[in-house]
Amino acid sequence: MRENCTSGSVRGAPGNGRSYRVISVGATNAFDDRAGFSTFSVDDDFDPSTTNEDWVDLLAPGDPILSTVPINFCSPPSSQCFQWLMGTSMAAPHVSGVAALVWNYLSVNDPPNANSSEVRRRIQDCAETVGAMDQNMLAWSKYGRLNAFAALTCGGTLPPPPPPPSSGNQIGDLDASATSQGGTWTSTLTVRVHNEDEQQISGATVSVTADYSTGSITVSCTTDILGQCATDPLTIHKKNGSATYTVVNIDPNYQSGANHDPDGDSDGTVITVTKP
């Protein structure tokens, strides 16, 4: 497409005939009128008996559109270049973008209908036939002016709202191990941290209190990209038969009370390991 083209196009569903393979796009201006450079026809072969063969399917904003342009178009010493442009080459990408948006929405929420035919149907059938100032959009196109929101909701339900942000991080798993070393033994705690959406959290510092019969110590570790970390081995005298680890804090955003442990060997917050 060139900027002096009279209509742009977007590839669509395959089918019999040119009109089923592409969506031809004309341009509207800031007043929702047809842009003066964007030509149109209500009959692609100029035969009055076939008035339903409009060769401009859809209208979309194309005048003026703020766009990035190559750096060599800039006036020195600018390192960023933006220009207000006009053309059907500016209108057609709006339709391409909505097509991608609708396809992604269908893929997530209605997989059986995630196909080019349904995407095309939603874009065309749910286009605006009346402009912002009561213009007759069908005088310049077959279906009207693009409406992204209508395309998403056409014949279906509203897209689901985004999930609320996670309120905190929690222990997803606690494991403790012990190793004998002559007159002493060592214990190590391994921790997995995720948020309430089960997403692993890296860079979280887990603070833990380790208690045994003759002493207590605070240990910590910081989770890796897998959301896991292990404390340094704790050396304990043989006369101490066990050590109990208690999660004190997760920095940041500790969601106290939401810890759990799929192994079932702890309550998610406290775990005890015995000497080997």
Side-chain angles (χ1 to χ4, degrees), residues 1-2 5-28 32 34-35 38 40-42 44 52-63 65-68 85 87-132 137-138 140-167 172 194-202 225-227:
M1 292 175 288
R2 304 184 305 275
C5 284
T6 56
S7 68
S9 64
V10 177
R11 290 193 177 275
N16 296 321
R18 170 180 56 80
S19 62
Y20 292 96
R21 293 193 297 270
V22 298
I23 298 176
S24 56
V25 181
T28 55
D32 218 14
R34 177 182 63 85
S38 184
F40 69 105
S41 172
V42 295
D44 63 1
N52 63 343
E53 296 182 0
D54 312 28
W55 61 267
V56 172
D57 294 311
L58 204 67
L59 299 169
D63 177 25
I65 304 298
L66 185 63
S67 178
T68 56
L85 300 178
T88 56
S89 292
M90 310 304 290
H94 283 85
V95 181
S96 299
V98 172
L101 181 68
V102 172
W103 199 309
N104 180 73
Y105 170 69
L106 292 172
S107 297
V108 173
N109 298 282
D110 190 9
N113 286 315
N115 56 70
S116 57
S117 296
E118 176 63 8
V119 170
R120 182 188 179 100
R121 182 195 72 78
R122 284 171 171 254
I123 290 175
Q124 294 181 162
D125 290 357
C126 296
E128 293 286 350
T129 59
V130 178
M137 293 296 178
L138 299 183
W140 307 315
S141 64
K142 186 173 183 178
Y143 296 98
R145 195 244 306 123
L146 179 70
N147 184 320
F149 179 78
L152 282 173
T153 59
C154 183
T157 59
L158 287 171
S166 176
S167 62
H194 61 216
N195 62 21
E196 63 181 10
D197 299 319
E198 302 290 328
Q199 296 172 325
Q200 57 207 25
I201 301 298
S202 63
I225 59 173
L226 299 178

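Remember, predicted model here, so these are calculated numbers, not experimental data. All values below were derived from every heavy atom in this structure, side-chain atoms included, with hydrogens, water molecules and symmetry-related copies excluded.
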Give the minimum heavy-atom separation between V102 and A151, together with the two atoms involved.
-> CG2-CB, 3.8 Å
Taking all heavy atoms of G26 and all of S38, pick out the closest pair and write down the distance.
-> CA-OG, 3.4 Å
Side-chain contact test, heavy atoms from C-beta onward, threshold under 4.5 Å: evaluate it for V95 versus L58 and give yes or no.
-> yes
In Å, rounded to the nearest 0.5 Å, how long is the span from CH2 of W103 to CG of N115?
-> 6.5 Å
Measure the shortest side-chain to side-chain distance between I65 and H94 over non-hydrogen atoms and say whether it is less than 4.5 angstrom.
-> yes
Is the shortest heavy-atom distance from the side chain of V25 to the side chain of T88 under 4.5 Å?
-> no
Point-to-point distance, once rounded to the nearest 0.5 Å, from OG of S96 to CG of L101 = 12.5 Å
Do other residues, nucleotides or ligands put more than 12 heavy atoms under 6.0 Å from I225 CD1?
-> no
What distance do C126 atom SG and R121 atom CZ have between them, rounded to the nearest 0.5 Å?
-> 6.0 Å
Just how far is it from atom CG of L146 to atom CD1 of I123, taken to the nearest 0.5 Å?
-> 7.0 Å
R120 and I23, any side-chain heavy atoms less than 4.5 Å apart | yes
So CG of L226 and CD of Q200: to nearest 0.5 Å the spacing works out to 5.5 Å
Has the side chain of D57 got a donor or acceptor atom that lies under 3.5 Å from a matching backbone atom of S24?
-> yes
Does a side-chain heavy-atom distance below 4.5 Å link S67 with L85?
-> yes
N/O donor-acceptor pair under 3.5 Å between N195 side chain and D197 backbone | yes
Side-chain touch W140/V56, heavy atoms, less than 4.5 angstrom = no
Please examine the side chains of R122 and L106, heavy atoms only from C-beta on, and report whether any two atoms are closer than 4.5 Å.
-> yes
N109 side chain vs Y105 backbone, donor-acceptor pair below 3.5 Å = yes
Rounding to 0.5 Å, atoms CZ (R34) and CE (M137) come to a distance of 11.5 Å
Considering all heavy atoms, the nearest G87-A27 contact = O-CB, 4.2 Å
Criterion side-chain contact (heavy atoms from CB on, under 4.5 Å) on D32 and R145, from CA distance to verdict = CA-CA 9 Å; D32 218 14; R145 195 244 306 123; 2.8 Å; yes
